[in-house]
Amino acid sequence: MTRTVHLVTGPPCAGKTTHVTQHAQPGDLILDADELGEAEYQRQLRHVAAMTTGTAWVIRCCPGPTARAAFAEQIGATSTVHLKPDREQLLARARRRPNPRRAIQAVRHWHDVEAGRTPARTNTDPEPTPRTRW
């Protein structure tokens with residue numbers, strides 16, 4: 001059995017989860033921070049980085065080509081799919097979400113980071129930011 005890690009990136013509302021649902025096979029590991037929560041997602045990322053066999057699908061917004069490349073390297077991705085519907089389509093999808101205001105802000109922020117107009121939030125960085133505990 002071989003090791004395959006698919007990284008699926010793109011802005012909020014791009015259809016990343018839908019893409020994975022349509023392409024994953026039974027038994028594939030699917031990592032989605034929206035479903036797992038950030039702490040479990042980070043734990044599972046370490047598992048994926050260390051796995052030697054099996055198939056995993058990692059869903060991540062990860063704006064910016066440099067951040068995507070670094071994250072792909074960090075998890076040992078064997079393929080990357082970058083979904084990027086046009087901004088109007090993303091905003092229309094965001095308006096249909098349970099919390100449309102937050103989704104619209106997330107879409108706009110992703111585009112700002114992608115264009116280099118604003119720095120990425122910590123949770124979109126390729127590696128978690130270490131925190132000092134006293």
Side-chain angles (χ1 to χ4, degrees):
M1 185 179 220
T2 61
R3 176 189 185 274
T4 305
V5 178
H6 304 283
L7 173 59
V8 181
T9 66
C13 304
K16 298 179 297 293
T17 302
T18 301
H19 176 85
V20 171
T21 301
Q22 292 172 345
H23 293 89
Q25 298 297 311
D28 289 357
L29 178 62
I30 299 173
L31 276 67
D32 184 349
D34 291 347
E35 296 293 321
L36 298 172
E38 192 62 28
E40 180 61 17
Y41 182 81
Q42 291 298 326
R43 190 181 79 70
Q44 290 291 331
L45 284 177
R46 289 188 293 276
H47 170 74
V48 167
M51 71 184 221
T52 56
T53 62
T55 300
W57 296 82
V58 179
I59 300 169
R60 187 81 170 198
C61 285
C62 212
T66 303
R68 280 191 293 278
F71 187 69
E73 185 175 335
Q74 175 188 336
I75 64 170
T78 56
S79 74
T80 299
V81 175
H82 182 62
L83 304 175
K84 191 176 174 191
D86 68 68
R87 187 179 176 119
E88 290 310 310
Q89 185 177 20
L90 293 169
L91 292 173
R93 291 176 183 176
R95 288 183 194 99
R96 294 190 299 267
R97 291 277 174 105
N99 187 341
R101 183 177 173 178
R102 182 178 172 157
I104 290 167
Q105 287 176 328
V107 167
R108 289 180 176 152
H109 177 76
W110 187 93
H111 276 277
D112 287 345
V113 174
E114 182 76 2
R117 292 187 295 266
T118 189
R121 294 179 186 143
T122 301
N123 67 352
T124 60
D125 289 341
E127 295 184 43
T129 302
R131 299 204 188 317
T132 304
R133 294 190 181 182
W134 303 98

Practice task
For residues I59 and H19, determine if any side-chain heavy atom of one lies less than 4.5 Å from a side-chain heavy atom of the other.
Solution key: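 When only atoms from C-beta onward are counted, H19 and I59 do not touch, as no gap falls below 4.5 Å.
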Problem - Pairs satisfying salt bridge (Lys or Arg N to Asp or Glu O under 4.0 Å), at least one member in residues 89-114, at least two apart - result: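 Checked against salt bridge (Lys or Arg N to Asp or Glu O under 4.0 Å) - neighbours excluded - the pairs reaching residues 89-114 are R68-E114, D112-R117.
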Exercise for the section: Inspect the surroundings of CD in Q89 and state if more than 12 heavy atoms from other residues, nucleotides or ligands are less than 6.0 Å away. Expected result: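 Counting other residues, nucleotides and ligands, CD of Q89 exceeds 12 neighbours.
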Practice task
Please answer: with hydrophobic residues joined when any side-chain heavy atoms are less than 4.5 Å apart, are L31 and L83 in the same cluster?
Solution key: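 In one cluster with L31: L83, no.
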Nearest non-hydrogen partners of [X] and [Y], listed with the distance:
| X | Y | value |
| --- | --- | --- |
| F71 | C62 | CB-SG, 3.8 Å |
| L36 | E40 | O-CB, 3.5 Å |
| L90 | P12 | CD2-O, 3.5 Å |
| T9 | C61 | CB-O, 3.8 Å |
| P63 | V113 | CG-CG1, 3.4 Å |
| L7 | A77 | CB-CB, 4.0 Å |

Practice task
Determine yes or no for a side-chain-to-main-chain donor-acceptor pair under 3.5 angstrom, with R3 supplying the side chain and M51 the backbone.
Solution key: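 Yes; judged by distance alone, with no hydrogens or angles, the pair exists.
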Roughly how far apart are [X] [atom1] and [Y] [atom2], rounded to 0.5 Å?
| X | Y | atom1 | atom2 | answer |
| --- | --- | --- | --- | --- |
| K16 | D32 | NZ | CG | 8.0 Å |
| L45 | I75 | CG | CD1 | 6.5 Å |
| I30 | T17 | CD1 | OG1 | 9.0 Å |
| L29 | T4 | CG | OG1 | 12.5 Å |

Practice task
Apply side-chain contact (heavy atoms from CB on, under 4.5 Å) to the pair H109 and T118, showing each step before the final yes or no.
Solution key: CA-CA 8 Å; H109 177 76; T118 189; 4.0 Å; yes
